[in-house]
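Notes to accompany the following structure.
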Amino acid sequence: PFGWLFGKYKSESKAVSAASPSVLAGSEIKTEDDVLFLEHVPSFNDKLKPSESELLLTYLTAPYLRVPLLLGFFSDRERVSLLREQQFQAVLDAALFEPGPWQ
């Protein structure tokens, strides 16, 4: 009865993370290099400059470091107001509370 609890259950449909750089950019991003070679850098409704967008997406590619990097990014005096935006709230929430891969 508890087979799903011990890894026997396989789901074909997985939820997409709000902290995924690929989802935010609209194209496949796995490494920092992928961020640098984006044809179109998202502006998040003109809330971020292209350099800030690249920085945010780059931070999201580092699974073990992204939490302190994101907290530092959003704690900047000029960026703390970005957390009023629902999309940035979702990114931070996903980075903090979604389970990630463990080795």
query = What pair of heavy atoms forms the shortest contact from V41 to S53, and how long is it?
reply = CG1-CB, 3.4 Å
request  = Answer with yes or no whether the hydrophobic clustering places F37 together with V35; edges join I, L, V, M, F, W, Y residues whose side-chain heavy atoms lie under 4.5 Å apart.
outcome  = no
inquiry  = For the CG atom of L57 and the CG atom of L48, what is their distance to the nearest 0.5 Å?
reply    = 9.0 Å
key: Minimal non-hydrogen separation, S75 against G72, with atom names   = OG-O, 3.1 Å
inquiry  = To the nearest 0.5 Å, what is the distance between CD on E32 and CD on E54?
reply    = 11.5 Å
key: Taking every non-hydrogen atom, the tightest pair across A19 and V91   = CB-O, 3.8 Å
inquiry  = Under the criterion salt bridge (charged side-chain N to carboxylate O under 4.0 Å, His left out), I'd like the reasoning laid out for R79 against E52: C-alpha separation, chi angles, the key distance, then a yes or no.
reply    = CA-CA 10 Å; R79 294 190 199 119; E52 292 175 318; 3.2 Å; yes
task = State the CG-CG distance between D76 and L71, to the nearest 0.5 angstrom.
result = 13.0 Å
task = Could you check whether the rings of F88 and F44 sit parallel, tilted or perpendicular, using 30° and 60° as the cut-offs?
result = tilted
key: Rounded distance [0.5 Å steps], CG in D34 versus OG1 in T61   = 8.5 Å
ask   = To the nearest 0.5 Å, what is the distance between CG (L82) and CG (L56)?
value = 9.0 Å
key: E98: partners by side-chain hydrogen bond (donor to acceptor under 3.5 Å, both in side chains), with sequence neighbours left out   = S17
query = Under a 4.5 Å side-chain heavy-atom rule over Ile, Leu, Val, Met, Phe, Trp and Tyr, are L83 and F73 clustered together?
reply = yes
request  = Could you grab the distance from atom CG of L69 to atom OG1 of T58, nearest 0.5 Å is fine?
outcome  = 10.0 Å
task = Could you tell me which non-hydrogen atom of A18 sits nearest to which non-hydrogen atom of A90, and how far apart they are?
result = CB-O, 3.7 Å
ask   = With a 4.5 Å heavy-atom cut-off, do L24 and P21 have their side chains touching?
value = no
remark   = Heavy-atom nearest pair, Q89 first then R84, reads NE2-O, 3.6 Å
query = Is L60 linked to Y64 within one hydrophobic cluster, defined over Ile, Leu, Val, Met, Phe, Trp and Tyr using a side-chain heavy-atom separation of less than 4.5 Å?
reply = no
query = Is a side-chain donor or acceptor of S22 paired with a backbone partner of I29 at a separation under 3.5 angstrom?
reply = yes
